[in-house]
Amino acid sequence: TYTCEDPAVGSTGTESQGFHLEKGNTVILKNGTIKVAEDSVNTKMLIQNYCNLTLEDLTLVGGDITQYIVSCNYGDMVLENVNINGSYGSSLVGIDLMHWLGTTYADKAPTMVIHNTDKNMISGSMDVYCYGTGAGTCTEQPTLTIYGGSFSSDPTEYLAEGCTTAQGTDGLYRVGLPVTVTFDSDGGSDVATQTLHYSAQAEEPDAPAKAGYAFVGWYLDGEPYDFDNMVTENITLVAKWNAVVTPVAPPADVKEVQV
């Protein structure tokens with residue numbers, strides 16, 4: 001764990017960052033946790049980036065004073081298995097991606113690619129925009145591309161091609177490729193396959209029919225399936241049946257004989 005303590009760093013007059021990484025460099029930060037000291041009164045931004053930066057297998061934690069966790073104004077960033085959170089409150093900005101016009105950083109809009117799993121959580125808003133003179137007509141917007149992960153704010157407009165998202169019952173958005181739920185009726189009537197947004201819930205279909213059997217339910221890996229579960233991979237649900245035993249009446253001409 002690396003703890004950012006006061007005094008903070010940054011350009012003259014704006015010393016408010018835990019890390020300040022200038023353009024012209026290639027930097028990789030990986031493995032562990034980077035956090036802001038609890039008693040910091042200056043670190044309003046954890047990472048201010050202008051270089052080509054890769055964050056890998058990291059947890060970034062802001063303090064009560066830290067509104068911005070990652071701010072990128074230049075260069076290309078990659079996040080792989082990165083968690084972002086902080087205690088700033090509802091105005092926390094997890095990702096700030098800005099093309100800063102009218103400065104020495106204006107020649108290239110920054111990019112960020114996120115390769116997370118749904119076990120990685122990014123808290124706070126994700127702000128992507130142009131800033132400075134001509135921002136309203138800027139045609140070179142920053143680019144945020146998300147291939148996976150869990151998010152507290154809706155990532156829909158930043159999804160990589162082919163990826164989908166759905167909001168779970170816990171309020172989080174999870175990103176991934178679409179998933180399918182296949183129903184194996186085990187000799188019963190056909191049940192249509194469902195294609196879902198990543199982490200969405202399957203809809204329980206009408207019970208299939210099978211002559212001589214009563215439908216018990218849908219099973220996954222030998223266990224009853226809960227349709228409240230979020231689906232994050234392709235699955236096959238198998239129907240379980242109980243044979244129906246029909247009582248056989250004795251022949252009408254049978255007589256009872258007492259001995």
Side-chain angles (χ1 to χ4, degrees), residues 10-11 14 16-23 27 29 34 44-56 58 60-62 66-86 88-118 120-167 171-177 197-198:
S11 302
T14 59
S16 59
Q17 300 134 38
F19 285 76
H20 182 99
L21 306 172
E22 270 297 343
K23 72 176 184 178
V27 178
L29 301 175
I34 300 174
K44 299 178 180 180
M45 182 180 295
L46 182 51
I47 296 177
Q48 174 70 80
N49 180 63
Y50 299 92
C51 71
N52 293 327
L53 174 62
T54 297
L55 305 178
E56 182 178 344
L58 278 176
L60 307 178
V61 184
T66 314
Q67 182 175 7
Y68 297 87
I69 306 300
V70 176
S71 179
C72 181
N73 299 155
Y74 196 82
D76 300 317
M77 281 195 67
V78 177
L79 277 61
E80 296 184 5
N81 303 323
V82 173
N83 301 293
I84 289 177
N85 61 78
Y88 188 81
S90 60
S91 297
L92 177 70
V93 180
I95 293 172
D96 177 73
L97 191 60
M98 180 184 81
H99 187 187
W100 198 358
L101 305 175
T103 69
T104 57
Y105 307 111
D107 62 294
K108 181 181 181 299
T111 69
M112 182 182 293
V113 177
I114 299 177
H115 292 283
N116 278 355
T117 72
D118 55 9
N120 300 120
M121 174 67 187
I122 293 183
S123 300
S125 66
M126 294 181 288
D127 300 340
V128 181
Y129 58 101
C130 292
Y131 176 80
T133 304
T137 57
C138 178
T139 58
E140 192 178 358
Q141 297 286 329
T143 303
L144 174 60
T145 308
I146 299 174
Y147 287 89
S150 297
F151 301 84
S152 65
S153 59
D154 189 352
T156 300
E157 63 181 300
Y158 308 120
L159 299 182
E161 184 176 357
C163 289
T164 65
T165 188
Q167 187 176 27
L172 300 181
Y173 298 86
R174 293 171 177 82
V175 175
L177 295 173
H197 290 303
Y198 184 84

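- In this structure the side chain of N73 never reaches within 4.5 angstrom of the side chain of Y105, judged on heavy atoms.
- Looking at N81, its side chain never comes within 3.5 Å of a backbone N or O of E56 through a donor-acceptor pair.
- Between the CG atom in D96 and the CD atom in Q67 there is a gap of 9.0 Å [rounded to 0.5 Å].
- Here CD1 of I146 is found 4.5 Å from CD1 of I114. Values are rounded to the nearest 0.5 Å.
- None of I69, L58, N116 except one satisfies the side-chain contact (heavy atoms from CB on, under 4.5 Å) rule with I84; the exception is I69.
- If you take CE on M77 and OG1 on T54, they are separated by 8.0 Å, rounding to the nearest 0.5 Å.
- In summary, the aromatic rings of Y50 and H20 are positioned with their centroids under 6.0 Å apart.
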**Worked check of side chain to side chain contact (heavy atoms under 4.5 Å, CB included) between L55 and I47** = CA-CA 11 Å; L55 305 178; I47 296 177; 4.3 Å; yes
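- Considering T143, T145, V70 as possible partners of M112, the one that fulfils the side-chain contact (heavy atoms from CB on, under 4.5 Å) test is V70.
- The backbone N or O of G124 sits less than 3.5 Å from a side-chain atom of S152, completing a donor-acceptor pair.
- One N or O on the side chain of N52 and one on the backbone of D76 form a donor-acceptor pair closer than 3.5 Å.
- One finds the CD atom of Q17 at 12.0 Å from the OH atom of Y68 (value rounded to the nearest 0.5 Å).
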**Message:** Using side chain to side chain contact (heavy atoms under 4.5 Å, CB included), reason through L53 and L29 one step at a time and then give a plain yes or no.
**Reply:** CA-CA 8 Å; L53 174 62; L29 301 175; 4.3 Å; yes
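- In plain terms, the two heavy atoms of K108 and E140 that are nearest each other are CA-OE2, 3.9 Å.
- When atom types are taken as modelled, the side chain of E157 and the backbone of D154 share no donor-acceptor pair closer than 3.5 angstrom.
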**Item:** side chain to side chain contact (heavy atoms under 4.5 Å, CB included) assessment of K23 paired with T104
**Value:** CA-CA 10 Å; K23 72 176 184 178; T104 57; 4.3 Å; yes
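- A heavy-atom distance below 4.5 Å is found between the side chains of C163 and L177.
- When every heavy atom of L92 is checked against every heavy atom of G86, the shortest pair comes out as CD2-N, 3.8 Å.
- Within a 6.0 Å radius of OH in Y129, more than 12 heavy atoms belonging to other residues, nucleotides or ligands are found.
- For the pair C130 and Q141, the minimum side-chain heavy-atom distance is below 4.5 Å.
- The two residues Y74 and N49 make their nearest non-hydrogen contact at O-ND2, 3.5 Å.
- Nearest heavy atom pair, residue T66 against residue Y88, reads O-CB, 3.2 Å.
- You'll find the side chain of P110 reaches within 4.5 Å of the side chain of H99, heavy atoms only.
- With rounding to the nearest 0.5 Å, the separation of OH in Y158 from CG in L97 is 8.5 Å.
- Remark: the backbone N or O of S123 is not paired with any side-chain donor or acceptor of N85 at under 3.5 angstrom.
- In this structure, T165 contributes its side chain and R174 its backbone to a donor-acceptor pair below 3.5 Å.
- One distance of note links CG of L79 with CG of N120; it measures 9.5 Å at 0.5 Å rounding.
- Looking only at side-chain heavy atoms (C-beta outward), F19 and V27 stay at 4.5 Å or farther from each other.
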